[in-house]
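FYI, the numbering just counts along the sequence from 1.
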Amino acid sequence: MPDQSIPQTRSPEATRGTPGPLDSDNPGAATAPEGVSRRRLLGTAGATGLVLGAAGAAAGYAAAPSSAATPLTSLGSEQAMFHGKHQPGITTPMQARGHLVAFDLAAGAGRKEAAALLRRWSDTARRLMAGEPAGSRDTDVARDAGPSSLTVTFGFGHSFFGRTGLEKQRPVALDPLPDFSSDHLDKNRSNGDLWVQIGADDALVAFHALRAIQRDAGAAARVRWQMNGFNRSPGATAHPMTARNLMGQVDGTRNPKPGEADFDRRIFVPEEPEAGKGGPAWMANGSYVVVRRIRMLLDDWEELSLKAQEDVIGRRKSDGAPLSGGSGATESTEMDLEKTDGSGELVVPINAHARITRPDQNGGAAMVRRPFSYHDGFDADGVPDAGLLFVCWQADPLRGFVPVQRKLDRGDALSQFIRHEASGLFAVPGGAAEGEYVGQRLLEG
């Protein structure tokens, strides 16, 4: 669960709407446009009533909004683009709700069936991301909502290429991840032939997309595993800020940002991939995603004192500032790895999570972390099954995720409070051009 985790910017390429206040760390960030879209807000402060019917039945009534009512911003109007150079859901701002789902092709299904499935999925994703019904069999779950920043992202697992006779097109970068000491992996909730990431700012819009994708699979593929996640809703804080995880820590401070000089080189496969460096050609403008279900041992974590928690991370819990900073330090203050206290001890402990995950401590390895938190209830002893659906993007996992995770394996203070329970690695091709479906260059090339 590295130090950099959650994109915050509202990318102009990913959304449509009127720009709003800027995120201080991300110049492209903007809030949703003002005004109410697709919904009429009924009632204003001091002008709302509730009438109860007989026999316990209840119905809500509200006065019509007065002309003096202040319009509220509608998250539903935000729209991400399906067609583009890259697939949506990679640099798109983090959404409030998410679903991750992996499929295996059905017995007897091959390249032809996979191509038909990706064609159906791409058409459904395009429609839903525009706020339109999925098709003639739409379930109406999201009927009253706008696009709500919905994104649908598709990827291929290692096993997909053997199932479709495309072994020669399988990228070297998709070779299985090595074993790590923190792994306690459930194979039934790991990997898969196909992977889909769904994100939206509205829970019903996200579920609607999940259900449409699952129905579209038909007889061609079956669900292997599925996970649900969430994040803080846009606008829940007084001003744009980096999110917090379920440990209460600010999580996402040093995430690479679009527009930085080396961002594309680190995150996306080049338009003309070199052999052994992200290729083959069908992966141009694509990326590789590592997905990990990381359970947080919250009962143990919450027993620690505030100082002990901050020493594990290397940052203040209140504002994310580095421990090496003074009282005026902020989240963006550069961490001083050599600073010591009065007794000569390092202020940022040698095994602090934020120290170990820094790119300059890992040969420049970097990735975009774009996770969701999750909570799947409590076990028989009342222990929460909760943590992070860790999702990270890079041009090559052997130069991104793997070296950082190996470093964490060797002595991260956080490792005793987390457990990696599921894992997957998927090749996510570039975006579909108008008239194309995702993966067409692989399946019809």
Side-chain angles (χ1 to χ4, degrees), residues 80 82-83 87-89 97-130 132-142 150-166 169-170 174 186-200 203-229 282 286 289 291 293 372 389 391 422-429 431-432 436-444:
F82 175 74
H83 295 294
Q87 285 197 60
R97 296 287 179 171
H99 300 294
L100 308 179
V101 55
F103 293 83
D104 285 335
L105 291 173
R111 181 173 176 178
K112 178 181 177 181
E113 290 76 13
L117 174 57
L118 267 297
R119 189 180 295 111
R120 290 196 301 274
W121 274 354
S122 295
D123 185 60
T124 293
R126 177 186 59 79
R127 290 171 178 270
L128 294 180
M129 286 175 55
E132 301 171 0
S136 60
R137 299 174 65 226
D138 190 88
T139 61
D140 285 342
V141 171
L150 174 69
T151 58
V152 186
T153 317
F154 303 102
F156 304 113
H158 186 276
S159 57
F160 176 82
F161 297 85
R163 301 292 303 277
T164 55
L166 291 167
Q169 291 296 319
R170 182 164 51 209
L174 204 54
D186 179 353
K187 293 183 178 180
N188 292 326
R189 292 194 294 182
S190 299
N191 302 311
D193 294 341
L194 294 157
W195 175 77
V196 185
Q197 173 191 252
I198 295 167
L204 285 178
V205 169
F207 175 81
H208 182 234
L210 175 65
R211 181 61 175 145
I213 290 297
Q214 188 262 331
R215 284 163 59 92
D216 275 353
R222 58 179 177 81
V223 173
R224 178 180 176 87
W225 54 259
Q226 194 264 311
M227 302 173 188
N228 308 313
W282 65 267
V289 62
V291 181
R293 185 182 192 272
F372 292 95
L389 301 181
V391 181
S423 178
L425 170 62
F426 302 93
V428 176
E436 284 188 345
Y437 63 86
V438 174
Q440 184 168 337
R441 281 163 277 181
L442 166 64
L443 291 164
E444 298 186 15

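A distance-only check finds no donor-acceptor pair linking the side chain of R126 to the backbone of H83 [under 3.5 Å]. The closest donor-acceptor contact from the side chain of Q169 to the backbone of L442 lies at 3.5 Å or more, if one exists at all. A donor-acceptor pair is defined here as one N or O able to donate and one able to accept, closer than 3.5 Å; no such pair exists between the side chain of R189 and the backbone of A422. A donor-acceptor distance shorter than 3.5 angstrom exists from the side chain of S122 to the backbone of V438, with no hydrogens or angles considered.
To the nearest 0.5 angstrom, R224 atom CZ is 15.5 Å from W195 atom CH2. Summarising the geometry, atom CE belonging to M227 is positioned 6.0 Å from atom CZ belonging to R293; distances are rounded to the nearest 0.5 Å. Residue R120 holds its CZ atom at 10.0 Å from CD1 of I213, rounded to the nearest 0.5 Å. Atom CD of residue Q197 and atom CG of residue L210 lie 12.5 Å apart, to the nearest 0.5 angstrom. Put simply, CG on L174 and CG on L425 are 5.0 Å apart, with the number rounded to the nearest 0.5 Å. To the nearest 0.5 angstrom, R137 atom CZ is 8.0 Å from D216 atom CG.
Using a 4.5 Å cut-off on side-chain heavy atoms (C-beta onward), L389 and V291 make no contact. Looking at heavy atoms from C-beta onward, T153 lies in side-chain contact with V428 at the 4.5 angstrom threshold. The shortest side-chain heavy-atom distance between H99 and V196 does not fall under the 4.5 Å cut-off. In this structure, R441 and P429 have side chains that are not in contact, with every pair of non-hydrogen atoms separated by 4.5 Å or more. Contact check for T139 versus F207: no side-chain heavy atoms found under the 4.5 Å cut-off. By the 4.5 Å heavy-atom criterion applied to side chains, L105 and T164 are counted as neighbours. The shortest side-chain heavy-atom distance between N191 and H158 does not fall under the 4.5 Å cut-off.
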Problem set entry | D138 vs H208, side chain to side chain contact (heavy atoms under 4.5 Å, CB included): CA-CA, chis, key distance, verdict | CA-CA 9 Å; D138 190 88; H208 182 234; 2.9 Å; yes
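With sequence neighbours excluded, the residues that form a side-chain contact (heavy atoms from CB on, under 4.5 Å) with R127 are D123, E132. For S159, the side-chain contact (heavy atoms from CB on, under 4.5 Å) criterion is met by D193, not counting sequence neighbours.
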Please list every donor-acceptor pair under 3.5 Å in which a side-chain atom of residues 106-119 meets a protein atom from a residue at least two apart or in another chain.
residue : atom : partner : partner atom : Å
R111    : NE   : L443    : O            : 2.8
R111    : NH2  : L443    : O            : 3.1
R111    : NH2  : G445    : O            : 3.3
E113    : OE1  : G110    : N            : 2.8
R119    : NH2  : E444    : OE2          : 3.2

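In terms of heavy-atom proximity, Q226 sits nearest to V101 at CG-CB, 3.7 Å. Across all non-hydrogen atoms, the minimal contact from M129 to P88 is CE-CG, 3.7 Å. What you find for L128 and A212 is that their closest heavy atoms are CD1-CB, 4.0 Å. The shortest heavy-atom contact between A209 and L150 is CB-CD1, 3.9 Å. Smallest separation of non-hydrogen atoms from G192 and A102: CA-CB, 4.5 Å. The two residues A206 and I198 make their nearest non-hydrogen contact at O-CG2, 3.8 Å.
Below 30°, between 30° and 60°, or above 60°: for F103 and W121 the angle between ring planes is between 30° and 60°, a tilted geometry. The aromatic rings of F426 and W225 lie tilted to each other, with the angle between the two planes from 30° to 60°.
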